[in-house]
Amino acid sequence: MRHHLILRVVTKLLVGSIILFAFYVQFHGDFSPGGGFQAGVIMAVAFILYGIVFGLGKAQAVFPPWVVHKMVALGVLIYAGTGVVSLLLGYGYLDYDAFAPHHPSHGQHYGILAVELGVGVTVTGVMVAVYYAFAARPARLSDEEW
Amino acid sequence: MLVATALAIVRLRNLFAVAMLSGVFSLLSALLFVVLDAVDVAFTEAAVGAGISTVLVLGTLALTSRVEKPSSHSPALPLFVVFVTGAALIYGTLDMPNFGSADAPAMTHVAPDYLARTPEEIDVPNVVTAILASYRGYDTLGETAVVFTAGIGVLLLMSGLRRRREDGDDDDDDEDTEKDGGVY
């Protein structure tokens, strides 16, 4: 795994900014295009790129499969939990006015943020988990065949 | 360019080139969405279509073979079906309102309502996000659940196969596949 020097250096430079961009898309989704789905995918791309260039083992050391599996479920839990919290606060399910009763539009902001976070976590988890599942199986093609 | 890429995908037998070309196809359609002012959709198409799915297709390719097998049956019937479907779709678009026309059903039904209510109720500049996460929160919850289910399905399928191959028995249920996190 000592070949592809340029690829490895460029990847090291890029992974950080990809993750930063994912967070930007995630938390800026209500002001600019993007949101949980896109941010989740971009976040997953950062880890997948790392996995492709440095090998699956390194990627799984950074982002262990058990964390990924928990994330898949955690995101849905965050989303549904937001609804349950608003329900417990005496409002309708997923009615974000509950989070700031005196300033409904702030409540909407918090609610959207929480929900988008849930979406992002699930999408990241699923994408990385699917990549791990594919990449973990022994490849039938050797490098030269490509 | 979209048509040219699609034709190239159909003609080529080398699956590596086909995977790359479908990435190109996604990127081109993302550009098309930008031209149509659907920036959110374009973003998703570029990230998912051109990014992730190309990687996943390449991953699948590494597990199978590189060259498509020549098909054994004649292409006449599929071609006929495609032409009939395509003609029906084009016939359907004849009834559609012109692009950007103000009295299109999509513009007159709920869209003005959302556009008018978003600034005062949600106060979020991106109306798409407001509709997606707030007005249509249930739908998005459903979508997230779909993503979740799909992910779990792929995990169970892929890791289950692997497990069987290692152990040599296949009368094993999914229960303990979840417990031992180190299947792969």
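So that the names make sense, note that chain A is the first sequence line, chain B the second, and so on, each numbered from 1. Hydrogens, waters and symmetry mates play no part in the numbers below; they use all other heavy atoms, side chains included.
- Contact annotation for residues 115-127 of chain A against chain B (heavy-atom separation below 4.5 Å, listed by residue number): A/Val115, A/Glu116, A/Val119, A/Thr122, A/Val123, A/Val126, A/Met127.
- For the side-chain contact (heavy atoms from CB on, under 4.5 Å) test with A/Phe134, the passing option among B/Leu58, B/Thr60, B/Val57 is B/Thr60; the others fail.
- Under the 4.5 Å side-chain heavy-atom criterion for ILVMFWY residues, no single connected hydrophobic cluster contains both B/Val34 and B/Leu27.
- Under a cut-off of 6.0 angstrom, the local environment of CG in B/Leu89 is crowded, with over 12 non-hydrogen atoms contributed by other residues, nucleotides or ligands.
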Taking only distance into account, with no hydrogens and no angle test, what donor-acceptor pairs under 3.5 Å do side-chain atoms of residues 35-42 of chain A form with protein atoms, sequence neighbours excluded?
{"from": "A/Gln38", "atom 1": "OE1", "to": "A/Gly35", "atom 2": "N", "distance (Å)": "3.4"}
{"from": "A/Gln38", "atom 1": "NE2", "to": "B/Asp40", "atom 2": "O", "distance (Å)": "3.3"}
{"from": "A/Gln38", "atom 1": "NE2", "to": "B/Thr44", "atom 2": "OG1", "distance (Å)": "2.8"}

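- Both A/Ile52 and A/Tyr50 belong to a common hydrophobic cluster when Ile, Leu, Val, Met, Phe, Trp and Tyr are linked at side-chain heavy-atom distances under 4.5 angstrom.
- In the hydrophobic clustering of ILVMFWY residues, with side-chain heavy atoms under 4.5 Å counting as a link, A/Leu20 and A/Leu49 come out apart.
- Tracing side-chain contacts under 4.5 Å through hydrophobic residues (I, L, V, M, F, W, Y), one reaches A/Tyr93 starting from A/Ile112; they form part of the same cluster.
- Within residues 76-86 of chain A, the residues having any heavy atom less than 4.5 Å from a heavy atom of chain B are, in residue-number order, A/Val76, A/Tyr79, A/Ala80.
- Residues A/Ile6 and A/Ile18 are members of one and the same hydrophobic cluster, defined by side-chain heavy-atom contacts under 4.5 angstrom among Ile, Leu, Val, Met, Phe, Trp and Tyr.
- With a 4.5 Å cut-off on non-hydrogen atoms, B/Val55 touches chain A through its side chain but not through its backbone.
- Rounded to the nearest 0.5 angstrom, B/Leu155 CG and A/Tyr132 OH are separated by 12.0 Å.
- Contacts from residues 140-150 of chain B to chain A, taken as heavy-atom pairs separated by less than 4.5 Å, involve B/Thr140, B/Leu141, B/Glu143, B/Thr144, B/Val147, B/Phe148 in sequence order.
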